[in-house]
Amino acid sequence: QVQLVESGGGLVQAGVSLTLSCAASGRAISGLSMAWFRQPPGKEREFVVSISRSSSTTSYADSVKGRFTISRDNAKNTVYLQMNSLKPEDTAIYYCAADRIFYNSGSSDGSWRYWGQGTQVTVSS
């Protein structure tokens with residue numbers, strides 16, 4: 001079992017950068033693929049990006065390609081989401097997820113076993 005805790009969300013203006021962190025405990029994330037999802041107000045939770053155990057493979061949603069970057073530090077048991085050029089459309093609760101299997105951008109939220117509680121990102125125009 002693994003527990004995931006997101007942090008780094010906040011209220012920001014459009015165009016700025018923000019980095020989210022997902023700290024894991026209870027299990028080494030070196031044995032897990034990781035992902036970020038988000039849920040905009042009034043909408044379904046959607047896939048953002050995933051990364052394989054060794055960082056050899058990543059998969060990004062079209063809406064964030066070129067702006068968001070996922071990375072992981074297995075020694076710190078932490079995964080990051082660097083978000084650049086933020087837009088109001090990026091406003092959402094951002095969730096960290098993990099699984100023993102790697103899923104790409106076509107995956108659903110039901111494919112991922114472990115979830116954090118989420119952190120709010122609000123981008124004003």
Side-chain angles (χ1 to χ4, degrees):
Q1 300 297 311
V2 62
Q3 296 77 47
L4 305 174
V5 179
E6 304 94 335
S7 62
L11 309 176
V12 298
Q13 294 184 347
V16 304
S17 297
L18 194 65
T19 299
L20 306 181
S21 298
C22 174
S25 61
R27 180 176 178 176
I29 64 168
S30 59
L32 298 169
S33 296
M34 307 294 295
W36 289 93
F37 284 75
R38 67 186 183 184
Q39 186 169 17
K43 297 183 179 181
E44 299 287 334
R45 185 165 53 187
E46 64 184 20
F47 177 89
V48 177
V49 62
S50 59
I51 187 168
S52 63
R53 297 173 180 177
S54 63
S55 302
S56 61
T57 305
T58 57
S59 183
Y60 291 85
D62 289 340
S63 59
V64 304
K65 284 182 179 178
R67 298 190 299 121
F68 290 12
T69 303
I70 190 171
S71 62
R72 62 192 298 162
D73 188 335
N74 289 344
K76 295 182 178 180
N77 229 31
T78 302
V79 64
Y80 305 94
L81 181 64
Q82 180 178 321
M83 305 182 293
N84 298 329
S85 302
L86 282 166
K87 305 174 181 179
E89 304 88 85
D90 296 318
T91 295
I93 302 175
Y94 282 73
Y95 297 92
C96 181
D99 202 280
R100 297 189 66 182
I101 301 173
F102 175 79
Y103 304 100
N104 62 21
S105 60
S107 66
S108 67
D109 53 0
S111 298
W112 298 83
R113 181 178 294 271
Y114 305 107
W115 292 85
Q117 82 288 352
T119 185
Q120 177 70 48
V121 174
T122 302
V123 184
S124 63
S125 60

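Below, each value reflects all heavy atoms present in this structure, side chains not excepted, and no hydrogens, waters or symmetry copies.
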Starting from the C-alpha separation in whole Å, work towards a yes-or-no answer on side chain to side chain contact (heavy atoms under 4.5 Å, CB included) for I29 and M34.
CA-CA 8 Å; I29 64 168; M34 307 294 295; 4.2 Å; yes

Hey, does [Y] have a side-chain heavy atom less than 4.5 Å from the side chain of [X]?
{"X": "I70", "Y": "V79", "answer": "yes"}
{"X": "Q120", "Y": "T91", "answer": "yes"}
{"X": "L81", "Y": "V49", "answer": "yes"}
{"X": "S50", "Y": "F102", "answer": "yes"}
{"X": "Q1", "Y": "Y114", "answer": "yes"}
{"X": "L86", "Y": "L18", "answer": "yes"}
{"X": "L4", "Y": "Y95", "answer": "no"}

Qualifying residue, where the test is side chain to side chain contact (heavy atoms under 4.5 Å, CB included) with Y60 and the options are V48, T69, N104:
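Going through V48, T69, N104 one by one, the side chain to side chain contact (heavy atoms under 4.5 Å, CB included) with Y60 is satisfied by T69 alone.
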
Please list, chain by chain and in numerical order, all residues satisfying ring pair (Phe, Tyr, Trp, His ring centres under 6.0 Å) with F47, sequence neighbours excluded.
F37

Which residues satisfy the salt bridge (charged side-chain N to carboxylate O under 4.0 Å, His left out) test with [X], sequence neighbours excluded?
{"X": "E46", "value": "R38"}
{"X": "R67", "value": "D90"}
{"X": "R53", "value": "none"}

Judged by atom type as modelled, is there a donor-acceptor pair below 3.5 Å linking the side chain of Y103 to the main-chain atoms of S111?
yes

Please check: side-chain N/O of N84 versus main-chain N/O of S17, any donor-acceptor pairing under 3.5 Å?
no

Indicate whether the side chain of T78 and that of D73 have a donor and an acceptor atom separated by less than 3.5 Å.
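Per modelled atom types, T78 and D73 side chains form no pair under 3.5 Å.
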
More than 12 heavy atoms of other residues, nucleotides or ligands under 6.0 Å from CZ of R27: yes or no?
yes

Looking only at heavy atoms, which two atoms of [X] and [Y] are closest? And how far apart?
{"X": "W112", "Y": "W115", "answer": "O-NE1, 2.9 Å"}
{"X": "P88", "Y": "S125", "answer": "CG-CB, 3.7 Å"}
{"X": "Y80", "Y": "K76", "answer": "OH-CD, 4.0 Å"}
{"X": "D99", "Y": "R113", "answer": "OD2-N, 3.0 Å"}
{"X": "M83", "Y": "V121", "answer": "CE-CG2, 4.0 Å"}

Can you tell me how far the [atom1] atom of [X] sits from the [atom2] atom of [Y], to the nearest 0.5 Å?
{"X": "K65", "Y": "T58", "atom1": "NZ", "atom2": "OG1", "result": "9.5 Å"}
{"X": "S54", "Y": "N74", "atom1": "OG", "atom2": "CG", "result": "9.0 Å"}
{"X": "S7", "Y": "L20", "atom1": "OG", "atom2": "CG", "result": "8.0 Å"}
{"X": "E6", "Y": "W36", "atom1": "CD", "atom2": "CH2", "result": "5.5 Å"}
{"X": "I51", "Y": "S59", "atom1": "CD1", "atom2": "OG", "result": "11.0 Å"}

Output every pair passing disulfide bond (SG atoms under 2.5 Å apart) with a member in residues 75-125, not counting sequence neighbours, ordered by first then second residue.
C22-C96

Verify same cluster id: L11, Y94 (apolar side-chain graph, 4.5 Å)
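The answer is no; the residues belong to distinct hydrophobic clusters.
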
Could you work out the complete set of other residues in the hydrophobic cluster of V5, with links drawn between I, L, V, M, F, W and Y side chains under 4.5 Å apart?
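V5 shares its hydrophobic cluster with no other residue.
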
